[in-house]
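Structure first, then comments.
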Amino acid sequence: MLIATWNVNSLGARMPRVEEWLEIWSPDVLCLQETKMSDAKFPALDFQRLGYDSVHHGEGRWNGVAILSRVGIDDPVAGFEDDDEPDVDARIIWATCGGVRVASVYVPNGRELGHDHYRYKLDWLARLRRNLEARYRPDEPLVVLGDWNVTPGDDDVWDPAAFEGSTHVSEPERKAIAALREWGLVDTLRQRYPDAGIYSYWDYRNGDFHKRRGMRIDYLLATPALAVASVADLVDRNARKGTKPSDHAPVLGEFDR
DNA sequence: ATGGTCGCGCAGCGA
């Protein structure tokens with residue numbers, strides 16, 4: 001089972017690249033973030049033509065998450081699986097694909113330390129943890145994947161010193177990700193490559209991609225029940241090249257199941 | 001050199 005995640009930075013702008021990419025890789029499941037699209041405009045028929053069922057949770061101009069699957073897509077839930085107030089943004093969608101519970105997540109950026117949006121980011125991650133605790137167990141096959149907007153450690157940033165005092169590297173954010181791991185999630189790529197400088201996002205500016213100045217903020221977090229079957233992890237850097245690329249590359253995990 | 005690029009949508013914000 002091949003499961004992938006890709007922050008496409010507008011599906012409207014990226015559809016040619018996404019269709020091309022699906023034909024190259026034929027993943028079983030592809031999670032998308034930042035579709036920047038309403039549900040009404042989501043091109044479900046185009047994905048159907050490529051063999052994928054899909055679910056989408058979008059508002060229009062900002063955010064927006066989706067799951068595409070060619071191994072079934074059951075029990076979809078848009079937003080958190082709790083009875084609290086609905087999230088103000090469309091940032092998480094769930095579905096069961098081929099016997100694996102999948103969540104596609106677009107974690108708030110945070111903007112600046114101390115900003116209201118930074119508090120929202122930390123609250124959002126805590127709410128995700130409560131959702132997992134209330135609804136799932138680490139011995140069930142589940143993967144939460146997407147754009148976390150947090151580097152789990154210093155190996156995940158091209159120059160940690162350059163980001164001192166910024167979001168994406170702060171201790172509270174990293175503790176929130178560590179708390180998810182402590183509940184029972186495995187960062188499969190990092191487990192396979194313990195200290196490699198592997199990135200998934202490069203700013204469009206400054207030629208950062210060509211200078212290899214990136215961050216690893218897109219990843220799969222799988223329960224041990226699923227991670228035990230992990231056989232490969234990779235970032236498709238080729239998708240960050242060429243005409244009208246997203247600023248994120250797709251991240252793939254393969255499981256022997 | 002203290003910016004630099006995208007996307008959205010038509011100014012300027014968000015990333």
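Residue numbers start from 1 in every chain, and the chains themselves are labelled A, B, ... in the order their sequence lines are given, proteins ahead of strands.
Regarding A:Phe209, its CZ atom lies at a distance of 18 Å from the C1' atom of B:dG4, rounded to whole Å.
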* Candidate pair A:Tyr204 and A:Asn9, rule side chain to side chain donor-acceptor pair (under 3.5 Å), full reasoning -> CA-CA 12 Å; A:Tyr204 284 124; A:Asn9 184 18; 3.2 Å; yes
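B:dC8 and B:dG3 are spaced 26 Å apart, taking the P atom of each and rounding to whole Å. Using P as the reference atom, B:dC6 and B:dA1 are 25 Å apart when rounded to the nearest Å. Nucleotides B:dG4 and B:dG9, compared at atom C1', are 22 Å apart to the nearest Å. For the C1' atom pair drawn from B:dA11 and B:dT2, the interatomic distance equals 24 Å after rounding to whole Å.
Proximity of a side-chain donor or acceptor of A:Thr223 to a complementary backbone N or O of A:Glu140 within less than 3.5 Å is detected.
Between A:Arg174 and A:Asp156 there is no salt bridge, since none of the side-chain N atoms of the basic residue sits less than 4.0 Å from a carboxylate O of the acidic one.
Both A:Lys211 and A:Lys244 sit near DNA chain B, but only A:Lys211 has its closest nucleotide nearer the 5' end.
Cluster partners of A:Val231 are absent, since no Ile, Leu, Val, Met, Phe, Trp or Tyr has side-chain heavy atoms less than 4.5 Å from it.
Rounded to the nearest 0.5 Å, atoms OG (A:Ser104) and CG (A:Asp147) are 10.0 Å apart.
Evaluated for a ring pair (Phe, Tyr, Trp, His ring centres under 6.0 Å) with A:Trp148, the options A:Tyr219, A:Trp124, A:Tyr201 yield exactly one hit, A:Tyr219.
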* Asked: If the sugar-phosphate is the primed atoms plus P, OP1 and OP2 and the base is the rest, what is the B/S/- string for nucleotides 8-15 of chain B, using protein heavy atoms under 4.0 Å?
  -> BS-BB-SB
